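Computed from a prediction, not measured in an experiment: that's the story for all the values here.
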Amino acid sequence: MITYHVTGTGLGELQTEVIASGQSPDIIPFLPIFMQVKDRYFSNNFPTWTGLGVIGLSTPGLIVEIKCTAIVDN
């Protein structure tokens with residue numbers, strides 16, 4: 001699983017909230033919430049995961065993109 005999280009100026013108006021909360025604009029601001037949701041659904045045999053901070057995604061306004069490949073064992 002690969003996740004792309006928008007950081008810095010790519011957050012637009014949300015960047016103001018991130019800075020006001022005392023966080024660095026270069027960190028992934030919603031990562032703790034994302035990890036809580038991920039851990040709820042992947043509690044056992046979880047996939048390898050890479051999270052990347054990016055300036056923007058292909059669709060304006062998005063703050064996270066998730067790419068997964070699933071293999072079902074018959």
Side-chain angles (χ1 to χ4, degrees):
M1 177 169 72
I2 301 173
T3 56
Y4 302 90
H5 302 262
V6 176
T7 63
T9 58
L11 288 170
E13 293 177 12
L14 289 175
Q15 184 183 23
T16 304
E17 292 178 30
V18 170
I19 293 170
S21 72
Q23 296 182 49
S24 167
D26 297 324
I27 66 164
I28 299 172
F30 302 102
L31 190 58
I33 295 169
F34 182 87
M35 289 178 66
Q36 288 177 2
V37 173
K38 178 190 71 68
D39 291 346
R40 180 173 38 179
Y41 291 99
F42 294 108
S43 61
N44 193 7
N45 296 324
F46 49 88
T48 300
W49 174 39
T50 301
L52 303 170
V54 296
I55 297 297
L57 298 170
S58 59
T59 303
L62 293 182
I63 58 171
V64 66
E65 179 179 321
I66 303 168
K67 292 185 179 184
C68 295
T69 302
I71 299 173
V72 178
D73 186 21
N74 290 334

*First locate atom CG of L31, then atom CD of Q36, and finally report the distance between them rounded to the nearest 0.5 Å.*
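Reported to 0.5 Å precision, the distance equals 10.5 Å.
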*Nearest 0.5 Å please: distance from the OG1 atom of T50 over to the CE atom of M1.*
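So the gap between those two atoms works out to 9.0 Å.
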*Side-chain contact test, heavy atoms from C-beta onward, threshold under 4.5 Å: evaluate it for I66 versus F34 and give yes or no.*
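The answer is yes; the side chains approach within 4.5 Å.
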